[in-house]
There are 2 protein chains.
Amino acid sequence: MRIGELAAAAGTTPKTLRFYEESGLLPPADRTPSGYRDYAPDAVARIDFVHRGQAAGLTLAQIRQILDIRDDGAAPCEHVRDLLDERLAEIEQQIARLTALHDTIAELRHDAAQPDPDTCSPEQVCRYL
Amino acid sequence: MRIGELAAAAGTTPKTLRFYEESGLLPPADRTPSGYRDYAPDAVARIDFVHRGQAAGLTLAQIRQILDIRDDGAAPCEHVRDLLDERLAEIEQQIARLTALHDTIAELRHDAAQPDPDTCSPEQVCRYL
DNA sequence: CTTGACCTTCCCCTGCACTGGAACGTCAAG
DNA sequence: CTTGACGTTCCAGTGCAGGGGAAGGTCAAG
């Protein structure tokens, strides 16, 4: 498939895919005789993984690091584990932070839900900020 | 207190504080007769809130939006609630995504933990990518 | 009264993740 | 055989969240 099809299938743009290739997230694509990039359908899965990693707050460099582990079949398991443990710890921290912020905002929102001037004064609304 | 002290107390740099002021996250600071910025000690709390928001993945623009609500005592409660609901939904989504990625990586890590060639081949290790 | 630490503004630079646009090549349809 | 959609490379710009460093002012200590 060509780059436009792949981009549509993966929910992104040709520009971005060329950028991913240049960044090492995608292997250099095969080329047709005329120089067009030619992708196997399973490229969609790889791009999806990139998207999932991004949606979860990983940088492209971190996602690339994980993908490199897959691509290099010889990667030592210990290194793999360490890297993944690092990511896990990072993600757990991030979840904890988000949960704390969620609670803060939920309390704030609870106060804002009562349009009584006594309970909805700026001081009341914002005592959590 | 002066900008250097405040920065130290809040765990950031004078540069960043000037940038926050310019971005509207901090109100224009009072000035000493000689032009130095002069902060009240409670400025630390505001900067801490910015940091908490950031740590949770909000952009400075989003954090500013929340702070603006506090600063504008006349903000209608309904608007406040809508805005906070938006943030809550966003944060809940983000937590869900992070949790999913966490599980994916944890499974991956579990596989990588067994240095048996049969269970730790690239195909095995990476069937979740 | 000088020295050094700290402050001011100003402008430009960085890294990240793209995005736009120019200039040119390819290809299937009419 | 032309047209239009799609592809190629290359270079440059965007938005975010700051950081570097120049040129000059301020202030407390020695």
Side-chain angles (χ1 to χ4, degrees), chain A residues 1-41 43 46-68 87 90 94 97 101, chain B residues 1-41 43 46-68 87 90 94 97 101:
Chain A
M1 65 199 318
R2 293 190 308 184
I3 197 168
E5 296 174 74
L6 177 59
T12 183
T13 66
K15 276 277 198 203
T16 298
L17 294 185
R18 292 191 199 101
F19 170 72
Y20 283 178
E21 178 175 323
E22 193 190 348
S23 311
L25 288 160
L26 300 177
D30 289 346
R31 300 294 180 123
T32 66
S34 58
Y36 284 19
R37 285 178 180 79
D38 189 20
Y39 295 95
R46 194 177 179 99
I47 299 165
D48 279 349
F49 183 76
V50 174
H51 287 347
R52 286 201 302 279
Q54 269 191 311
L58 299 183
T59 66
L60 292 188
Q62 292 173 328
I63 295 166
R64 185 190 163 165
Q65 220 181 354
I66 296 178
L67 286 170
D68 281 350
R87 287 294 154 267
E90 234 172 65
Q94 185 70 0
R97 282 194 290 249
L101 188 77
Chain B
M1 65 199 318
R2 292 190 308 183
I3 196 168
E5 297 173 74
L6 177 59
T12 182
T13 67
K15 276 276 196 205
T16 298
L17 294 185
R18 292 190 199 100
F19 170 71
Y20 283 178
E21 179 175 322
E22 192 189 350
S23 312
L25 287 160
L26 300 178
D30 290 345
R31 299 295 180 123
T32 66
S34 59
Y36 284 20
R37 285 179 180 77
D38 189 20
Y39 295 94
R46 194 177 179 97
I47 299 165
D48 278 349
F49 182 76
V50 174
H51 286 345
R52 286 202 301 281
Q54 268 191 312
L58 299 184
T59 67
L60 293 188
Q62 293 174 328
I63 295 166
R64 186 191 162 166
Q65 220 182 352
I66 296 178
L67 286 171
D68 281 350
R87 287 293 154 267
E90 232 173 65
Q94 185 70 2
R97 283 194 288 248
L101 189 77

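Per chain, numbering begins at 1; letters A, B, ... match sequence-line order.
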Peer 1: Rounding to a whole Å, what distance do you find between B/Leu58:CG and D/dA17:C1'?
Peer 2: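 Spelled out: CG on B/Leu58 to C1' on D/dA17 is 14 Å.
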Peer 1: Quick one, which residues of residues 18-36 of chain B touch DNA chain D with a heavy atom under 4.0 Å?
Peer 2: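 Under 4.0 Å from DNA chain D: B/Phe19, B/Tyr20, B/Ser34, B/Tyr36.
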Peer 1: Quick check: does any side chain N or O of B/Arg2 sit under 3.5 Å from a backbone N or O of B/Asp38, one acting as donor and the other as acceptor?
Peer 2: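 Judged by distance alone, no pair lies under 3.5 Å.
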Peer 1: Of all residues at least two apart in sequence or in a different chain, which pass the side chain to side chain donor-acceptor pair (under 3.5 Å) check with B/Arg18?
Peer 2: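 B/Arg18: no side chain to side chain donor-acceptor pair (under 3.5 Å) contacts found.
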Peer 1: Partners of A/Glu21 by side chain to side chain donor-acceptor pair (under 3.5 Å), sequence neighbours excluded?
Peer 2: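 Residues passing side chain to side chain donor-acceptor pair (under 3.5 Å) with A/Glu21: A/Arg37.
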Peer 1: Round to the nearest Å and state the distance from B/Ile3 atom CD1 to D/dG25 atom C1'.
Peer 2: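 That distance rounds to 15 Å.
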Peer 1: For a 4.0 angstrom threshold against heavy atoms of chain A, report the outermost contacting nucleotides of DNA chain C in 5' to 3' order.
Peer 2: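 Range of nucleotides touched by chain A: C/dA17 to C/dC27.
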Peer 1: What is the distance from atom CZ of B/Arg52 to atom CG of B/Leu58, rounded to the nearest 0.5 Å?
Peer 2: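 That separation rounds to 11.5 Å.
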Peer 1: On DNA chain C, compare the nucleotides closest to A/Leu60 and B/Arg37; which residue's is nearer the 5' end?
Peer 2: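 Looking at DNA chain C, the more 5' nearest nucleotide goes with B/Arg37.
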Peer 1: Report all interatomic pairs (protein N or O, nucleotide N or O of nucleotides 10-13 of chain D) with separations under 3.5 Å.
Peer 2:
none

Peer 1: Between B/Ile3 and B/Tyr36, is any pair of side-chain heavy atoms under 4.5 Å apart?
Peer 2: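 B/Ile3 vs B/Tyr36: side chains apart.
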Peer 1: After noting the C-alpha distance and the side-chain angles of B/Phe49 and B/Ile66, does the key distance pass the side chain to side chain contact (heavy atoms under 4.5 Å, CB included) rule?
Peer 2: CA-CA 10 Å; B/Phe49 182 76; B/Ile66 296 178; 4.1 Å; yes
Peer 1: Nearest heavy-atom pair of B/Met1 and B/Pro41: which atoms, and what distance?
Peer 2: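 Looking at all heavy atoms of both residues, the shortest contact is SD-CA, 3.9 Å.
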Peer 1: Find the distance A/Leu6:CG to D/dG7:C1' and express it as a whole number of Å.
Peer 2: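 It works out to 14 Å between those atoms.
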Peer 1: Going by side chain to side chain contact (heavy atoms under 4.5 Å, CB included), name the residues that satisfy it together with A/Tyr20, two or more places apart in sequence or in a different chain.
Peer 2: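 Scan of A/Tyr20 (side chain to side chain contact (heavy atoms under 4.5 Å, CB included), adjacent residues dropped) gives A/Thr16, A/Leu17, A/Leu25, A/Leu26, A/Val50, A/His51, A/Gln54, A/Leu60.
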Peer 1: If each of A/Arg2 and B/Glu5 is mapped to the nucleotide of DNA chain C with the nearest heavy atom, which maps nearer the 5' terminus, i.e. the 5' end?
Peer 2: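 Comparing both residues, the 5'-ward one is B/Glu5.
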Peer 1: For a quick test of reading the model, state the closest non-hydrogen atom pair linking A/Ala7 to A/Pro14 and the distance between them.
Peer 2: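 Smallest interatomic distance, heavy atoms only, reads CB-N, 3.6 Å.
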Peer 1: Between B/Asp68 and B/Arg64, is a salt bridge (charged side-chain N to carboxylate O under 4.0 Å, His left out) present by the stated rule, with each step listed?
Peer 2: CA-CA 6 Å; B/Asp68 281 350; B/Arg64 186 191 162 166; 3.4 Å; yes
